[in-house]
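Below is one structure, written out as structure tokens, with a few remarks after it.
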Amino acid sequence: MYLIFTEDDGWHTNQLLEAFKNNNKDAETAKINKSSIIIDSEPRIIFEGKEVSLKEIDGAFVRGIPGGTLEEVCFHLDILHFLELHNITVYNNTVCIEKSVDKVRTSCILNANKIPTPNTYITSNIKDLKKFRNNFSGELCVCKPIFGSQGKGLEILDDDNVHPDYENLNNVYYLQEYLKHPDGKFADWRLFVINDKVVASMTREGSSWINNVANGALCKFFEPTDEMIKLAVDSSLALGMNYSGVDIMLSENGYTVTEVNSIPAWKGLQSVYEDKNVAEIIIKDFLRVCEENRIC
Ligand SMILES: Nc1ncnc2c1ncn2[C@@H]1O[C@H](COP(=O)(O)OP(=O)(O)O)[C@@H](O)[C@H]1O
Ligand SMILES: [Mg+2]
């Protein structure tokens with residue numbers, strides 16, 4: 001049996017369930033924040049009121065990891081590690097999920113791998129925060145919650161909005177240079193990488209500077225250049241992803257990677273393709289990895 005850890009019963013989960021069905025595999029959904037584990041001579045997991053031996057689980061697909069206290073987030077990742085320790089494929093793998101849910105870690109990894117990424121300044125002390133703000137003098141800077149997604153909680157700091165939203169940032173301030181599209185457009189690109197290949201791409205055009213689909217951005221089919229394909233594949237490799245959603249922006253200095261998502265949504269991306277089923281491609285690759293793992 002395959003497990004899908006998901007927080008919603010909506011479109012993505014249905015697409016995944018359909019893809020499992022098309023591949024003649026049984027899949028069940030579980031909410032990771034309602035799941036429990038038992039560590040004894042017969043390791044088990046409890047989900048949806050069922051107690052299941054890990055021996056019965058052929059693989060776990062991670063579609064959602066909810067926010068929570070530090071302890072909760074660690075425990076949810078511990079559950080995924082627990083499965084991997086028992087040779088169950090977790091997809092995306094737990095280590096890459098850990099790396100990418102934290103924007104600080106992603107920025108460090110991209111930069112250390114010489115992948116162009118915006119200049120970023122991070123601190124948890126107010127003195128350095130002030131220094132960083134002064135260094136931007138007159139330039140716009142973006143402040144992001146380090147565990148954020150879907151464009152939530154992002155703000156521009158400038159003369160009208162001098163201080164970040166202290167209450168919602170939990171005392172970690174991630175400031176980044178604002179990337180201005182050379183044509184003044186609000187647009188960026190999402191490249192979807194599976195098994196180190198770009199399998200689908202789109203342009204996202206926003207009505208404001210936050211171009212997330214969840215923020216109402218318009219999705220358009222896009223054929224990426226070789227340079228963008230290389231950036232996306234290199235980013236995915238640097239973070240060790242099985243599959244990923246890589247966000248690329250264009251600034252006056254060229255293309256730059258702003259984010260590498262380990263739990264990317266693909267509803268917007270699917271809408272620009274008629275002849276491609278993204279969920280099917282993901283699940284085929286997931287089943288391939290599970291099979292490889294079983295043989296090893
Ligand atoms: N440095 C930046 N300069 C300008 N716009 C940005 C910058 N970083 C992010 N954005 C905009 O905000 C959106 C969300 O940022 P991102 O870092 O991908 O966070 P999230 O995890 O919330 O998607 C991007 O898709 C882009 O439109
Ligand atoms: Mg993003």
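Each residue takes its place number in the sequence, starting with 1. Source: prediction; values computed, not measured. Every number for a ligand or one of its atoms is a count from 1 in the order of the listing.
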Should I122 and V257 be regarded as members of a common hydrophobic cluster, given that ILVMFWY residues are connected when their side-chain heavy atoms come within less than 4.5 Å of each other, either directly or indirectly?
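No, I122 and V257 fall in different hydrophobic clusters.
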What about Y173 and F132, are their ring centers closer than 6.0 Å?
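So the answer is no for these two rings.
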Any chance the rings of F20 and F61 have centres within less than 6.0 Å?
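Distance test on ring centres: not under 6.0 Å, no.
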Ignoring hydrogens and angles, state whether a donor on the side chain of S251 or T256 is under 3.5 Å from an acceptor on the partner side chain.
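Absent: no donor and acceptor within the cut-off.
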Does some side-chain heavy atom of V289 sit less than 4.5 Å from a side-chain heavy atom of N93?
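The answer is no, as the side chains (C-beta and beyond) never meet within the 4.5 Å cut-off.
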Taking side chain as C-beta onward, heavy atoms only, is V90 less than 4.5 Å from F5?
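With C-beta onward as the side chain, the pair stays apart.
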Using modelled atom types and a 3.5 Å cut-off, is there a donor and acceptor pairing between side-chain atoms of N92 and backbone atoms of Y243?
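Yes, the answer is positive, given that a donor and an acceptor are paired below the 3.5 Å cut-off.
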Salt-bridge contact E205-K220 (side-chain N to carboxylate O under 4.0 Å):
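Here E205 pairs with K220 in a salt bridge, since their nearest N and O are under 4.0 Å apart.
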Salt bridge present between R294 and E291 (N-O < 4.0 angstrom):
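The answer is yes: the pair qualifies as a salt bridge.
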Near the Mg ion (ligand 2) (under 2.8 Å) - protein N, O or S atoms
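Result, waters dropped: D247 OD2, E259 OE1.
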Report every pair formed by an N or O atom of ligand 1 and a protein N or O atom separated by less than 3.5 Å, giving atom names and the distance to 0.1 Å.
residue  : atom   : partner : partner atom : Å
ligand 1 : 1 (N)  : Q176    : OE1          : 3.0
ligand 1 : 1 (N)  : E177    : O            : 2.9
ligand 1 : 3 (N)  : L179    : N            : 2.8
ligand 1 : 8 (N)  : K144    : NZ           : 2.9
ligand 1 : 17 (O) : K144    : NZ           : 2.6
ligand 1 : 18 (O) : D247    : OD2          : 3.1
ligand 1 : 18 (O) : E259    : OE1          : 2.8
ligand 1 : 21 (O) : K103    : NZ           : 2.6
ligand 1 : 21 (O) : G148    : O            : 3.4
ligand 1 : 21 (O) : E259    : OE1          : 3.2
ligand 1 : 21 (O) : E259    : OE2          : 2.6
ligand 1 : 22 (O) : Q150    : N            : 3.4
ligand 1 : 22 (O) : G151    : N            : 2.6
ligand 1 : 23 (O) : N212    : ND2          : 2.9
ligand 1 : 23 (O) : E259    : OE1          : 3.1
ligand 1 : 25 (O) : D188    : OD2          : 2.8
ligand 1 : 27 (O) : W209    : O            : 3.0
ligand 1 : 27 (O) : N211    : N            : 2.8
ligand 1 : 27 (O) : N211    : ND2          : 3.0

